[in-house]
Peer 1: 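Attaching a single structure in structure tokens format; questions to follow.
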Amino acid sequence: MDGQKVEDTILKEITNLSIPALLFPESPDGYFPRSSPGEVLIRYTGCKYPLRDVSGVTIEKNISIELLYVTRSLRGDNGLYQWLDKITEKLEGYSPSSIAGHFEITDEGFTDYSDGTWYYAQNMIFKITADNEQTDLYTTPIIRA
């Protein structure tokens, strides 16, 4: 499981809600929304391994994702507040069929305002518990030449 797969899954789900969304630009300098009144940018921000299973059988991963809402409209049918409601309702606790795990929103809030454009970040984790496949070297036969 990698950040790209989680980003792609979120992009598909937000686009299905008829909300303009893009993966975070490779070069964000000079970025300006392509859609009116704005769009949601999606990016992988890292991974944490909160619990260690000492048996080595499973591993838990929390993949961190940020949704950055960039918009010139707060209210109304296509405003930030409506986008937040739709996306939160869709993603909170959501378990996509293509990936084993579920989304949890951890925090959100306004990050900036500049030249009529609002920036609002919603941070979430994608919690995964996976099998940690390991080879038991004690049971592997030694081959001698």
Side-chain angles (χ1 to χ4, degrees), residues 1-140:
M1 167 51 53
D2 64 351
Q4 179 69 51
K5 190 169 185 180
V6 175
E7 282 182 345
D8 291 342
T9 299
I10 293 173
L11 178 63
K12 179 182 169 198
E13 294 302 328
I14 293 174
T15 303
N16 287 343
L17 294 171
S18 298
I19 296 172
L22 298 169
L23 298 180
F24 206 84
E26 297 285 335
S27 301
D29 294 338
Y31 161 79
F32 191 79
R34 298 180 197 171
S35 302
S36 181
E39 56 209 10
V40 179
L41 301 178
I42 303 155
R43 72 175 171 168
Y44 166 83
T45 58
C47 186
K48 292 186 180 179
Y49 301 86
L51 298 176
R52 294 286 181 188
D53 177 1
V54 293
S55 71
V57 175
T58 62
I59 186 168
E60 184 174 307
K61 291 170 59 173
N62 290 342
I63 296 176
S64 299
I65 298 289
E66 179 187 57
L67 303 183
L68 182 62
Y69 297 73
V70 182
T71 182
R72 292 175 295 284
S73 177
L74 294 178
R75 298 168 187 86
D77 290 340
N78 205 19
L80 170 67
Y81 301 145
Q82 185 187 61
W83 288 359
L84 279 171
D85 288 345
K86 285 181 175 182
I87 291 172
T88 299
E89 184 178 321
K90 177 62 183 174
L91 293 181
E92 178 62 32
Y94 176 61
S95 296
S97 60
S98 61
I99 312 171
H102 70 278
F103 291 99
E104 292 180 10
I105 297 171
T106 57
D107 61 281
E108 61 182 54
F110 286 97
T111 60
D112 199 6
Y113 174 81
S114 177
D115 295 324
T117 302
W118 294 95
Y119 298 84
Y120 189 95
Q122 189 173 47
N123 298 298
M124 61 182 61
I125 55 173
F126 186 73
K127 294 186 94 157
I128 300 170
T129 302
D131 292 332
N132 188 17
E133 296 180 25
Q134 295 183 353
T135 302
D136 185 352
L137 297 177
Y138 290 106
T139 62
T140 304

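It should be emphasised that the depicted structure is a prediction, and the values quoted were computed from it without experimental measurement. Residue numbers start at 1 and run along the sequence shown.
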Peer 1: Quick one: pull up CG in D115 and CZ in F32 and give me the separation to the nearest 0.5 Å.
Peer 2: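 Reported to 0.5 Å precision, the distance equals 9.0 Å.
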Peer 1: Could you state the interatomic distance from CD1 (I42) to CD1 (I87), rounded to the nearest 0.5 Å?
Peer 2: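 Result: 8.0 Å between the selected atoms.
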Peer 1: In Å and rounded to the nearest 0.5 Å, what is the CD1 to CD1 distance from I19 to I14?
Peer 2: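 One gets 7.0 Å once the value is rounded to the nearest 0.5 Å.
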Peer 1: Just jot down the side-chain hydrogen bond (donor to acceptor under 3.5 Å, both in side chains) partners of Y120, sequence neighbours excluded, or say none.
Peer 2: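 Only E108 meet the side-chain hydrogen bond (donor to acceptor under 3.5 Å, both in side chains) criterion with Y120.
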Peer 1: Report yes or no: does E92 contribute a side-chain atom to a donor-acceptor pair with the main-chain N or O of I105 at less than 3.5 Å?
Peer 2: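 Judged by distance alone, yes, a pair lies under 3.5 Å.
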Peer 1: Given 3.5 Å as the limit, does a donor-acceptor pair link the side chain of T71 with the main chain of S73, or not?
Peer 2: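 Yes: the side chain of T71 pairs with the backbone of S73.
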Peer 1: Anything under 30° is parallel, anything over 60° is perpendicular, the rest tilted; go ahead and classify Y94 against F103.
Peer 2: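 Plane angle under 30°, so parallel.
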Peer 1: Can you confirm whether F126 sits close enough to T9 that some side-chain heavy atom of one is under 4.5 Å from a side-chain heavy atom of the other?
Peer 2: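 No, too far: nothing below the 4.5 Å cut-off.
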Peer 1: Say whether, by atom type as modelled, one donor and one acceptor occur between the side chain of E39 and the main chain of R34 under 3.5 angstrom.
Peer 2: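 Present.
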Peer 1: Applying the side-chain contact (heavy atoms from CB on, under 4.5 Å) test to I65, which of I10, N123, T106, L91 qualifies?
Peer 2: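 Filter result, single survivor: I10.
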Peer 1: Can you tell me how far apart CG (D107) and CD1 (I125) are? Round to the nearest 0.5 Å.
Peer 2: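 It comes to 10.5 Å.
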Peer 1: Between atom OG of S95 and atom NZ of K127, what is the distance when rounded to the nearest 0.5 Å?
Peer 2: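 It is 12.0 Å, given to the nearest 0.5 Å.
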Peer 1: Is the backbone N or O of Y44 less than 3.5 Å from a side-chain atom of E7, with the two atoms forming a donor-acceptor pair by type?
Peer 2: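 Yes: the side chain of E7 pairs with the backbone of Y44.
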Peer 1: Quick one: closest heavy-atom pair of R72 and S35, and the distance?
Peer 2: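 That would be NH2-O, 3.6 Å.
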Peer 1: Just by distance, do the side chain of T45 and the backbone of S64 share a donor-acceptor pair under 3.5 Å?
Peer 2: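 Present.
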Peer 1: Take W83 and L67, measure what side-chain contact (heavy atoms from CB on, under 4.5 Å) needs, and give me the verdict at the end.
Peer 2: CA-CA 11 Å; W83 288 359; L67 303 183; over 6 Å; no
Peer 1: Nearest heavy-atom pair of E66 and A121: which atoms, and what distance?
Peer 2: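 Closest pair (atom of E66, atom of A121, distance): OE2-CB, 3.7 Å.
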Peer 1: Might you work through the side-chain contact (heavy atoms from CB on, under 4.5 Å) test for F110 and L80, ending with a clear yes or no?
Peer 2: CA-CA 11 Å; F110 286 97; L80 170 67; 3.6 Å; yes
Peer 1: Heavy atoms only: give me the nearest A21-L11 pair and the separation to one decimal.
Peer 2: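 Looks like O-CD1, 3.4 Å.
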Peer 1: Among pairs that include at least one residue of residues 80-91, which meet salt bridge (Lys or Arg N to Asp or Glu O under 4.0 Å), considering only residues two or more places apart or in two chains?
Peer 2: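 Only E13-K90 qualify under salt bridge (Lys or Arg N to Asp or Glu O under 4.0 Å).
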Peer 1: Shortest non-hydrogen contact from L23 to L41?
Peer 2: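 So the two residues come closest at O-CD2, 4.5 Å.
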Peer 1: Could you go through Q122 and T88, starting from their C-alpha distance and side-chain angles, then the distance that decides it, and tell me whether this counts as side-chain contact (heavy atoms from CB on, under 4.5 Å)?
Peer 2: CA-CA 9 Å; Q122 189 173 47; T88 299; 3.0 Å; yes
